[in-house]
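Residue numbers start from 1 in every chain, and the chains themselves are labelled A, B, ... in the order their sequence lines are given, proteins ahead of strands.
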Amino acid sequence: MTSTAITADTEPVFHLEEEHAHAEGGSTMLGFWLYLMSDCLIFAMLFAAYGVLGGNYAAGPAPKDLFDLDLVAVNTAMLLFSSITYGFAMLTMDKGRVAATQAWLAVTMLFGLAFLSIELYEFAHMIHEGATPQRSAFLSSFFTLVGTHGLHVTFGIVWMVTLMIQVARYGLIEANRRRLMCLSMFWHFLDVVWIGVFTFVYLMGMLR
Amino acid sequence: MSAHDHAEGHGHAHGGAAHGSLRGYLIGFILSVILTAIPFWLVMSGVIDDKQATAIVIMAFAVVQIVVHMVFFLHMNTASEGGWSMLALIFTLILVVIVLTGSLWVMYHLNANMMPGLHDMREMP
């Protein structure tokens with residue numbers, strides 16, 4: 001690089017000649033964690049927007065008129081069950097049991113689909129009552145925040161189906177294990193975001 | 001990344017990331033169920049008369065449950081990935097706190113000061 005490095009008898013070592021072995025995908029987990037943190041910032045912005053605009057009803061419906069806490073409780077249970085079943089999928093993956101892993105992934109996916117269905121039913125019900133995103137700033141920020149979370153769950157399910165096909169075709173190879181661990185982080189992260197949603201949006205909305 | 005991580009990384013290609021155990025997942029799940037059920041019960045039954053007190057209590061439950069999820073489901077600890085994931089998490093949390101408190105604080109005062117009828121228009125220049 002520098003002239004001294006070339007001319008000197010004992011060349012100073014600027015880099016290790018023998019690159020120590022990096023296992024393939026060795027940095028994937030950290031990289032994916034950094035992606036999740038940036039995703040966390042997206043949700044922080046949406047939470048901030050909801051926190052600022054959540055009280056602006058524009059003489060329209062308020063949280064008390066719209067939210068059904070029983071439904072939200074069922075929804076929360078669905079996501080929590082899907083979290084533990086994904087955990088079981090990871091445990092069976094560690095033991096290398098392909099069929100059991102696939103079964104737990106399928107159960108997780110069904111809970112995820114149940115969550116989405118309930119959320120879509122809730123949205124459809126609200127829109128049917130005239131509580132559309134255009135109705136008030138409260139509803140705009142509500143649909144953006146909860147809808148973004150729902151979109152994440154949707155993509156998580158798409159990812160899960162993809163990985164189930166991958167595992168069915170190639171088995172629990174190293175790459176598939178790594179992918180399943182990334183999805184595990186993604187899925188549990190979505191559950192963490194949902195804790196914020198049901199606390200700040202639904203429960204505190206009912207207290208307003 | 002420390003040499004220790006690489007030593008482990010040769011055995012498992014996933015760099016010694018914690019996987020958790022059945023016991024860990026079950027403890028996390030049971031704690032989560034309890035920490036979810038109590039706030040729902042508090043709001044649905046209205047046991048605490050003071051709404052602000054209820055809000056503070058359910059927020060505290062949410063914070064505890066987020067920590068439970070981080071530890072038992074996401075297997076966060078100071079050692080994973082040589083401490084970098086914890087560092088990224090702390091950095092993110094600082095940003096989240098700045099964004100949330102900053103937005104709420106500024107916009108609350110903006111709303112309060114822009115309230116119609118608060119200022120007498122005759123005093124305006």
Side-chain angles (χ1 to χ4, degrees), chain A residues 20-30 33-34 36-38 40-41 43-45 47-49 51-53 55-56 69-70 72-73 76-77 80-81 83-84 86-88 90-91 93-94 174-175 177-178 181 184-185 187-189 191-193 195-196 198-200 202-204 206-208, chain B residues 1 3 5-6 9-10 12-15 17 19-22 24-26 28-29 32-33 35-37 39-40 42-44 51-52 54-55 58-59 61-63 65-66 69-70 72-75 80-82 84-85 88-89 91-93 95-97 99-100 102-104 106-108 110-111:
Chain A
H20 53 250
H22 283 287
E24 194 203 331
S27 54
T28 306
M29 288 301 136
L30 181 59
W33 180 254
L34 293 182
L36 285 183
M37 291 298 100
S38 69
C40 188
L41 290 180
F43 280 108
M45 306 295 159
F47 271 111
V52 169
L53 300 171
N56 301 358
L69 274 193
D70 292 329
V72 180
T76 307
L80 205 52
F81 278 127
S83 253
I84 185 81
Y86 202 106
F88 291 153
M90 295 304 285
L91 291 175
M93 181 197 83
D94 279 347
E174 198 53 55
R177 284 170 187 259
R178 190 170 69 235
M181 279 168 66
S184 164
M185 284 159 80
W187 199 256
H188 292 308
F189 169 76
D191 208 2
V192 171
V193 174
I195 298 170
F198 80 71
T199 305
F200 288 100
Y202 289 103
L203 293 181
M204 286 175 70
M206 296 303 270
L207 291 173
R208 268 180 206 268
Chain B
M1 293 274 267
D5 275 338
H6 283 296
H10 292 300
H12 307 269
H14 28 78
H19 286 249
S21 58
L22 178 63
Y25 278 115
L26 286 177
F29 179 70
S32 297
V33 169
L35 290 168
T36 304
F40 269 96
L42 281 177
V43 173
M44 285 163 119
K51 285 188 173 183
Q52 200 160 12
T54 316
I58 61 171
M59 270 205 280
F61 273 106
V63 171
Q65 198 185 345
I66 287 172
H69 274 246
M70 286 280 176
F72 290 102
F73 291 159
L74 283 165
H75 313 303
S80 62
E81 301 290 347
W84 286 107
S85 49
L89 175 66
F91 177 59
T92 309
L93 286 182
L95 287 184
V96 167
V97 167
V99 165
L100 285 178
S103 305
L104 294 177
V106 169
M107 296 309 283
Y108 172 77
L110 186 82
N111 281 341

Can you measure from [atom1] ([X]) to [atom2] ([Y]) and round to the nearest 0.5 angstrom?
| X | Y | atom1 | atom2 | answer |
| --- | --- | --- | --- | --- |
| A:Ile195 | B:Phe61 | CD1 | CZ | 13.0 Å |
| B:Leu22 | A:Asp94 | CG | CG | 11.5 Å |
| B:Ser103 | A:Met45 | OG | CE | 8.0 Å |
| A:Asp70 | B:Met44 | CG | CE | 4.0 Å |

What are the two closest non-hydrogen atoms of [X] and [Y], and how far apart are they?
| X | Y | result |
| --- | --- | --- |
| A:Arg208 | B:Lys51 | O-NZ, 4.2 Å |
| B:Val96 | A:Ala44 | CG2-CB, 3.8 Å |
| B:Ser32 | A:Leu80 | CB-CD1, 3.7 Å |
| A:His188 | B:His69 | O-ND1, 4.5 Å |

Worksheet item: Which region of B:Leu42, side chain (C-beta onward) or backbone (N, CA, C, O), has a non-hydrogen atom less than 4.5 Å from a non-hydrogen atom of chain A, or is it both or neither?
Response: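 Neither part; nothing is under 4.5 Å.
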
Discussion item. Which atoms of B:Val106 are under 4.5 Å from chain A, going by heavy atoms: the side chain, the backbone, both sets, or neither?
Written reply: neither

Worksheet entry | Aromatic plane relationship, A:Phe81 with B:Phe29 - under 30° parallel, 30 to 60° tilted, over 60° perpendicular | tilted

For chain A, the option from [options] that forms the most heavy-atom pairs under 4.5 Å:
| options | answer |
| --- | --- |
| B:Leu95, B:Thr36, B:Leu110 | B:Thr36 |
| B:Val97, B:Leu100, B:Thr92, B:Asn111 | B:Thr92 |
| B:Leu104, B:Leu35, B:Val63, B:Leu93 | B:Leu104 |

When only pairs under 4.5 Å are counted, which of [options] shares the most heavy-atom pairs with chain B?
| options | result |
| --- | --- |
| A:Val193, A:Val52, A:Leu203 | A:Leu203 |
| A:Ala73, A:Gly51, A:Ala77 | A:Ala73 |
| A:Phe43, A:Phe189, A:Trp33 | A:Trp33 |

Practice prompt. Assess whether side-chain contact (heavy atoms from CB on, under 4.5 Å) is satisfied between B:Phe40 and A:Val72, documenting all intermediate values.
Written response: CA-CA 9 Å; B:Phe40 269 96; A:Val72 180; 3.9 Å; yes

At a 4.5 Å cut-off on heavy atoms, which part of [X] comes close to chain B: side chain, backbone, both, or neither?
| X | answer |
| --- | --- |
| A:Phe198 | side chain |
| A:Ser83 | side chain |
| A:Leu69 | both |
| A:Phe200 | side chain |

Compare all side-chain heavy atoms of [X] with those of [Y] and state whether any distance is below 4.5 angstrom.
| X | Y | answer |
| --- | --- | --- |
| B:Leu26 | A:Phe88 | yes |
| B:Val99 | A:Phe47 | no |
| A:Leu207 | B:Ile58 | yes |
| B:Tyr25 | A:Met90 | yes |

Worksheet item: Between A:Met204 and B:Val43, is a side-chain contact (heavy atoms from CB on, under 4.5 Å) present by the stated rule, with each step listed?
Response: CA-CA 8 Å; A:Met204 286 175 70; B:Val43 173; over 6 Å; no

